[in-house]
Amino acid sequence: MIDQEKIEQAVRLMLEGIGEDVSREGLKDTPARIARMCGELYSGMGEDVKEHLSRTFSVDTSEMVIEKDITFYSMCEHHILPFYGKAHIAYIPDGKVVGLSKLARTVEVFSRRLQVQEQLTGQIADALMEYMKPKGALVMLEAAHMCMTMRGIKKPGSQTVTIAKRGLFETDPSLEERFFRMMAR
């Protein structure tokens, strides 16, 4: 999916555009390195979360499941700078659950795309609802944005928190309160 040659050309042009000598020793392999890096950073472009969330296991419970502190790294589509942090996922099973690693894989697939945090949060919640069919899902992301830290307003240490609620979490405030109590532990 990644076009290595186009990325290398673009990096050369950018380096020339900022006044660099693309033939100097430290930069001559940089376009190829950046192209390989893009293959990794944007690997979620060619992945479908369905393969991770469709493999479920039957359960007799409908108690809340929480997976918290899932580390993620993504790239802001506005400045092509990183944002990174922790994802916290809760869902109410409706007769089936997924392996816990599948929740982390879902976060990984969506975060490995050019993104904005608000969209990323909703994509994860929507995928849980679509493929797992739980009674409800809640996704919370806490992230630091390099576009806030190293450019523009330059406010290191600031955190952006986004929440997406689906199903029972939208209609039963006590579930959301329970989620936040569990997060505080």
Side-chain angles (χ1 to χ4, degrees), residues 1-8 10-11 32-59 64-149 159-170 176 179 182-183:
M1 180 132 193
I2 299 290
D3 187 330
Q4 299 270 117
E5 189 176 316
K6 280 188 178 181
I7 294 169
E8 288 182 36
V11 171
R33 279 194 294 272
I34 297 293
R36 287 191 305 274
M37 178 187 72
C38 286
E40 181 180 342
L41 294 181
Y42 307 114
S43 62
M45 296 295 295
E47 280 192 70
D48 186 351
V49 296
K50 181 179 181 178
E51 77 177 73
H52 303 299
L53 294 177
S54 294
R55 188 165 184 217
T56 59
F57 305 95
S58 296
V59 293
M64 186 185 308
V65 175
I66 298 175
E67 183 72 17
K68 66 182 193 174
D69 295 333
I70 302 167
T71 301
F72 74 91
Y73 302 89
S74 195
M75 297 292 280
C76 171
E77 65 186 29
H78 297 152
H79 300 102
I80 310 184
L81 286 172
F83 66 95
Y84 55 93
K86 302 283 184 181
H88 315 289
I89 297 174
Y91 70 95
I92 309 293
D94 192 10
K96 52 189 175 175
V97 295
V98 294
L100 297 176
S101 69
K102 304 306 183 195
L103 299 175
R105 288 186 192 284
T106 299
V107 172
E108 186 77 4
V109 167
F110 287 121
S111 67
R112 294 294 182 169
R113 301 174 180 182
L114 281 176
Q115 236 355 321
V116 293
Q117 183 175 333
E118 299 86 345
Q119 178 178 297
L120 175 58
T121 310
Q123 287 174 333
I124 296 165
D126 291 340
L128 296 173
M129 294 301 289
E130 181 177 352
Y131 298 113
M132 292 176 55
K133 309 275 191 243
K135 294 178 183 178
L138 187 149
V139 176
M140 181 173 88
L141 301 184
E142 301 174 288
H145 291 250
M146 294 306 291
C147 60
M148 288 279 293
T149 299
Q159 290 271 309
T160 301
V161 178
T162 51
I163 297 172
K165 299 182 288 184
R166 305 291 187 265
L168 290 180
F169 283 98
E170 293 177 289
E176 184 177 2
F179 169 79
M182 297 292 289
M183 291 300 300

Verdict with reasoning, T106 to I89, per side-chain contact (heavy atoms from CB on, under 4.5 Å): CA-CA 11 Å; T106 299; I89 297 174; 5.8 Å; no

[X] to [Y] - nearest heavy-atom pair and separation:
X	Y	answer
V98	L53	CG1-O, 3.6 Å
T121	I163	CG2-C, 3.8 Å
C76	L114	O-CD2, 3.9 Å
P134	Y91	CB-CD1, 4.1 Å
M183	I66	SD-CG2, 4.4 Å
L120	S111	CD1-N, 3.6 Å

Quick one: [atom1] on [X] to [atom2] on [Y], what's the gap to the nearest 0.5 Å?
X	Y	atom1	atom2	value
D94	T56	CG	OG1	11.0 Å
E170	E176	CD	CD	10.5 Å
Q115	F110	CD	CZ	8.5 Å
E142	H88	CD	NE2	3.5 Å
M64	K135	CE	NZ	12.0 Å
K102	L128	NZ	CG	14.0 Å

Tell me whether [X] at atom [atom1] has more than 12 heavy atoms from other residues, nucleotides or ligands lying less than 6.0 Å away.
X	atom1	answer
Y42	OH	yes
R55	CZ	no
K6	NZ	no
K96	NZ	yes

CA sep, side-chain torsions, deciding dist, call: H52, E47, side-chain contact (heavy atoms from CB on, under 4.5 Å): CA-CA 10 Å; H52 303 299; E47 280 192 70; 3.5 Å; yes

Taking [X] for its side chain and [Y] for its backbone only, find out whether a donor-acceptor pair lies under 3.5 Å.
X	Y	value
S43	E40	yes
R166	A137	no
E8	A35	no

Residues E77 and Q119: side-chain donor-acceptor under 3.5 angstrom: no

Between Q117 and T162, a side-chain donor and acceptor under 3.5 Å: yes

Would you say [X] and [Y] make side-chain contact, with heavy atoms under 4.5 Å?
X	Y	result
T71	K86	yes
I92	F169	yes
Q4	R36	yes

Parallel, tilted or perpendicular: rings of H145 and F83 (30°, 60°): parallel

